[in-house]
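Here is the structure we will look at.
Below, all heavy atoms of this structure are taken into account, side chains as well, without hydrogens, waters or symmetry copies. Below, chains carry the letters A, B, ... as their sequence lines are ordered, and counting in each starts from 1.
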2 protein chains.
Amino acid sequence: MQDHHVNVGILGLGTVGTGVARILLTQQDLLRTRSALTFTLHTIVELNWDKERDLDLSGVECITDAQKMLENPEIDIIVETIGGYEPAFTFIATALRNRKHVVTANKALIATRGRELFQIAKENGVDLLFEASVGGGIPIIKGLREGLVANQIERVYGILNGTSNYILTRMHQEELEFGQALAEAQAKGFAEADPTLDVSGGDAAHKLTILASIAASGFVNYQDLYIEGIQNITKLDINFAKSFGYTIKLLAVMRRMENGLDLRVHPTLVPNNHLLAAVNNELNAVFVKGDFVGNTMFYGPGAGERPTASSIVSDIVDLSRDLLLKEGEQFSCRTLNPEQGIPVVPVEQIRNRFYLRFFTLDAPGILSKISGVLAQNGISISSMVQLETHGKDNYVPIVLLTHEASEQAMKQALDAIGKFDFIQENYLRIRLF
Amino acid sequence: MQDHHVNVGILGLGTVGTGVARILLTQQDLLRTRSALTFTLHTIVELNWDKERDLDLSGVECITDAQKMLENPEIDIIVETIGGYEPAFTFIATALRNRKHVVTANKALIATRGRELFQIAKENGVDLLFEASVGGGIPIIKGLREGLVANQIERVYGILNGTSNYILTRMHQEELEFGQALAEAQAKGFAEADPTLDVSGGDAAHKLTILASIAASGFVNYQDLYIEGIQNITKLDINFAKSFGYTIKLLAVMRRMENGLDLRVHPTLVPNNHLLAAVNNELNAVFVKGDFVGNTMFYGPGAGERPTASSIVSDIVDLSRDLLLKEGEQFSCRTLNPEQGIPVVPVEQIRNRFYLRFFTLDAPGILSKISGVLAQNGISISSMVQLETHGKDNYVPIVLLTHEASEQAMKQALDAIGKFDFIQENYLRIRLF
């Protein structure tokens with residue numbers, strides 16, 4: 001056993017880059033004890049060096065020229081933490097072509113342009129790892145890819161976006177409307193100034209694309225996912241859900257079916273006795289069901305400087321093992337296979353139970369018209385609540401829970417019901433777990 | 001990248017061995033896709049070949065002579081599933097000396113004689129892996145060792161014994177006494193004919209020894225742990241705990257302290273809003289707190305043929321990567337370091353909150369005598385319940401919750417209180433989370 005040194009370069013010294021630098025600087029002894037490798041923070045590329053960061057960077061090459069680091073033969077592993085599509089894509093591609101291993105937390109990039117990057121990695125005999133791209137500090141990717149390697153993965157489902165989980169938690173606990181809870185999340189730093197990607201389900205869908213690709217040993221096309229956000233959930237819906245014994249969560253769901261994967265991100269009524277109903281605030285949790293292991297669950301912080309850096313450094317340690325390999329060998333179950341496309345089942349073919357909420361005029365015969373349309377489409381009602389008039393415009397809320405029905409039938413029914421002149425436009429359909 | 005073949009031998013075809021054989025026989029294509037390696041079940045050693053097992057073993061060498069398999073140069077990896085101390089220890093040691101990698105689920109052996117085995121593995125340049133020894137199918141060892149490698153581990157705590165968790169769950173849900181719940185667990189196959197190791201906390205302590213050794217990058221001595229079982233918990237205690245908002249669980253706890261590890265297994269009152277309170281029946285769950293990641297949790301089936309086999313096969317795939325290493329190289333963070341002993345803090349130095357339950361005569365002045373002894377030992381009471389006489393012998397239950405106090409002070413107080421002639425002998429102390 002020789003004494004190996006590993007030189008690491010970081011692209012971008014924002015929140016996550018700072019966390020990675022902090023671990024490499026403060027945990028060097030710990031990492032050496034555990035891995036028998038010495039990790040050195042060699043170079044950092046950052047455009048803004050004026051910001052105060054509470055890091056002692058003496059001995060570290062601090063530069064602004066990415067190209068210089070990407071071409072430096074002394075650097076073994078590059079960490080990309082700048083985020084976004086460009087120049088991140090070009091930098092990662094260049095690093096891989098220069099035969100450097102790369103670690104990234106960039107879920108949007110991996111989910112939408114990962115196939116190209118994994119192809120470049122493969123051609124150059126290097127690896128691209130991305131543990132921090134899903135579930136922040138939770139080692140879910142390693143757990144799925146290696147810990148459950150012996151299993152056909154039947155299901156992956158969970159809470160993958162901390163911002164929307166924080167908002168929904170506050171709506172449940174404090175009876176806030178969506179806008180109020182969002183404003184609070186922004187004030188506390190749990191939501192971005194532009195929260196669109198988080199509350200629309202897009203971020204959770206990026207992460208689900210990645211988990212599903214690992215689970216299915218291929219590559220899922222992000223465009224194939226069905227995605228719905230939490231923007232239309234109201235305080236009223238939260239309270240109705242509570243009264244039925246449910247908690248509303250933004251779930252990402254993968255199910256293995258005969259003809260492909262069922263892949264969806266949408267608000268979901270989760271029964272209160274399910275562990276996911278108790279995953280609150282900005283935390284993430286993912287259930288994975290394998291054909292041998294059964295149900296497992298991974299839980300923890302889904303974002304933040306220190307948890308994300310924890311995952312990135314675990315990838316660095318993993319990659320450094322490549323230094324011990326024979327010439328021409330590569331670990332294969334680590335990266336996504338860019339050559340194997342995975343079909344996704346169109347959402348219309350999926351069956352679900354539904355929560356439906358309408359505001360209707362308070363007049364005779366309305367409920368029979370709504371239930372008539374549902375019956376025509378083969379949808380049967382399992383419970384119903386109509387409250388007495390309260391509030392503006394003489395409209396009252398009606399809430400229905402249905403038995404299982406096809407998404408196609410529900411779409412047709414809602415199109416028809418939406419045309420009734422006694423129904424307000426802002427009706428809502430939420431799926432049940 | 002070459003086409004590698006890996007030959008696996010299994011020692012013992014009981015429940016777990018059968019599960020491993022089943023995966024190797026049925027998931028060969030899946031494993032090849034994911035790892036680019038071809039795994040072959042080469043040999044099984046078993047004394048009783050008469051038993052019906054629902055496995056097609058054509059092409060597999062089925063023998064009774066362990067020595068023959070351990071010496072066969074064609075076999076790369078040996079799986080030990082016979083359990084117990086001997087001949088398991090001798091077989092594993094022999095396999096390692098013959099430079100074969102070994103996988104085991106044998107928690108008792110790893111916890112008590114692991115140091116010797118890891119030393120032999122090190123001297124022979126091979127690895128001994130044991131994912132299935134803790135948490136059954138949950139990839140907790142990989143998560144802790146690799147996923148959280150960048151963290152100083154501050155705490156590990158959770159439910160590590162499925163049998164006692166099943167018994168406690170039934171006591172909570174059905175208001176059973178311990179003996180009734182145990183009998184039910186035995187009838188359903190969740191408890192052995194001799195359940196001592198499970199209900200006494202010994203099995204959970206074996207697992208905690210292993211997790212703590214990984215967390216502290218050294219080796220904990222099993223004899224240093226404080227261990228208490230669930231045999232003395234009564235239906236009455238369960239109901240008192242409920243009334244205070246707690247659920248009683250058998251917890252294994254590791255805390256990193258200045259002068260060593262705090263390591264304990266004992267029944268614990270867990271607040272109902274903690275996720276561990278919702279981990280029911282035979283399931284396991286472990287929280288791990290790292291200095292960078294914060295709190296993470298791993299949950300799933302803690303035992304059973306298929307989950308345990310899932311973990312064993314993940315170890316087989318991990319070990320097969322050693323075939324790709326340069327001559328003389330070894331992965332170091334995989335095995336426990338046999339040369340680094342880890343000190344354990346004596347339980348007397350630990351501080352806890354306590355639940356105390358006494359049966360006393362229903363006479364004046366008793367409560368003041370009990371609380372007087374507690375006060376003399378610096379222990380302050382946070383709440384108290386005394387019920388009216390119900391039941392035999394004129395004795396009534398008194399329950400106290402205390403603020404934090406040292407274990408030493410509590411021991412002294414209980415020794416003194418136990419000597420009062422108005423107290424029945426079967427008083428109980430349970431720690432609070």
Side-chain angles (χ1 to χ4, degrees), chain A residues 1-2 19 22-23 27 30-31 33-37 131 136-139 142-143 145-152 217 273 275 278-279 285 290-301 304 306-307 309-314 316-318 321 324-333 337, chain B residues 1-2 19 22-23 27 30-31 33-37 131 136-139 142-143 145-152 217 273 275 278-279 285 290-301 304 306-307 309-314 316-318 321 324-333 337:
Chain A
M1 185 85 192
Q2 295 162 42
R22 200 181 305 284
I23 292 181
Q27 310 275 66
L30 185 79
L31 292 172
T33 301
R34 290 178 176 168
S35 69
L37 300 165
E131 176 66 77
I138 311 169
K142 181 177 276 286
R145 181 185 63 198
E146 301 170 22
L148 305 181
V149 66
N151 293 266
Q152 191 70 259
S217 308
N273 65 359
L275 277 183
V279 174
D291 59 348
F292 273 84
V293 74
N295 267 313
T296 60
M297 196 258 262
F298 303 78
Y299 164 96
R306 294 169 68 92
S310 166
S311 281
I312 288 177
V313 174
S314 82
I316 293 174
V317 174
D318 263 14
R321 295 174 166 193
L324 313 179
L325 292 177
K326 288 183 208 157
E327 185 69 25
E329 294 288 0
Q330 205 180 349
F331 293 124
S332 12
C333 71
N337 179 0
Chain B
M1 187 85 192
Q2 295 160 42
R22 201 182 304 285
I23 292 181
Q27 310 275 64
L30 185 79
L31 292 171
T33 301
R34 290 180 176 167
S35 69
L37 300 165
E131 177 66 77
I138 311 169
K142 181 176 274 286
R145 180 184 64 198
E146 302 170 22
L148 304 181
V149 67
N151 293 265
Q152 191 70 260
S217 307
N273 64 359
L275 278 182
V279 174
D291 59 348
F292 274 83
V293 74
N295 268 313
T296 59
M297 196 258 262
F298 303 77
Y299 163 97
R306 293 168 69 92
S310 166
S311 281
I312 287 177
V313 174
S314 82
I316 293 174
V317 174
D318 264 14
R321 294 175 165 190
L324 312 179
L325 292 178
K326 289 181 205 156
E327 184 69 26
E329 294 288 359
Q330 205 178 351
F331 294 124
S332 6
C333 71
N337 179 358

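The two residues A:S310 and B:F292 have their closest heavy-atom pair at CB-CB, 4.2 Å. Taking every heavy atom of both residues into account, B:Q27 and A:Q152 meet most closely at NE2-N, 3.6 Å. A pairwise comparison of heavy atoms in B:I23 and A:A150 identifies CG2-CB, 3.9 Å as the closest pair.
With chain A as partner, the option from B:G300, B:S217, B:G136 having the largest number of non-hydrogen pairs under 4.5 angstrom is B:S217. The choice from A:N295, A:N151, A:D291 that makes the most heavy-atom pairs within less than 4.5 Å of chain B is A:N151. Per-residue heavy-atom pair counts under 4.5 Å with chain A were compared for B:E131, B:R306, B:K142, and the maximum is reached by B:R306. By number of non-hydrogen pairs under 4.5 angstrom with chain A, the leading residue of B:P301, B:A278, B:G143 is B:P301.
Among A:V293, A:L148, A:V149, the single residue meeting the side chain to side chain contact (heavy atoms under 4.5 Å, CB included) criterion with B:S314 is A:V149.
Looking at A:L30, only its side chain comes within 4.5 Å of chain B, counting heavy atoms on both sides.
Here the side chain of B:R34 pairs no donor or acceptor atom with the backbone of A:R145 at under 3.5 angstrom.
For the pair B:T296 and A:F298, the minimum side-chain heavy-atom distance is 4.5 Å or more.
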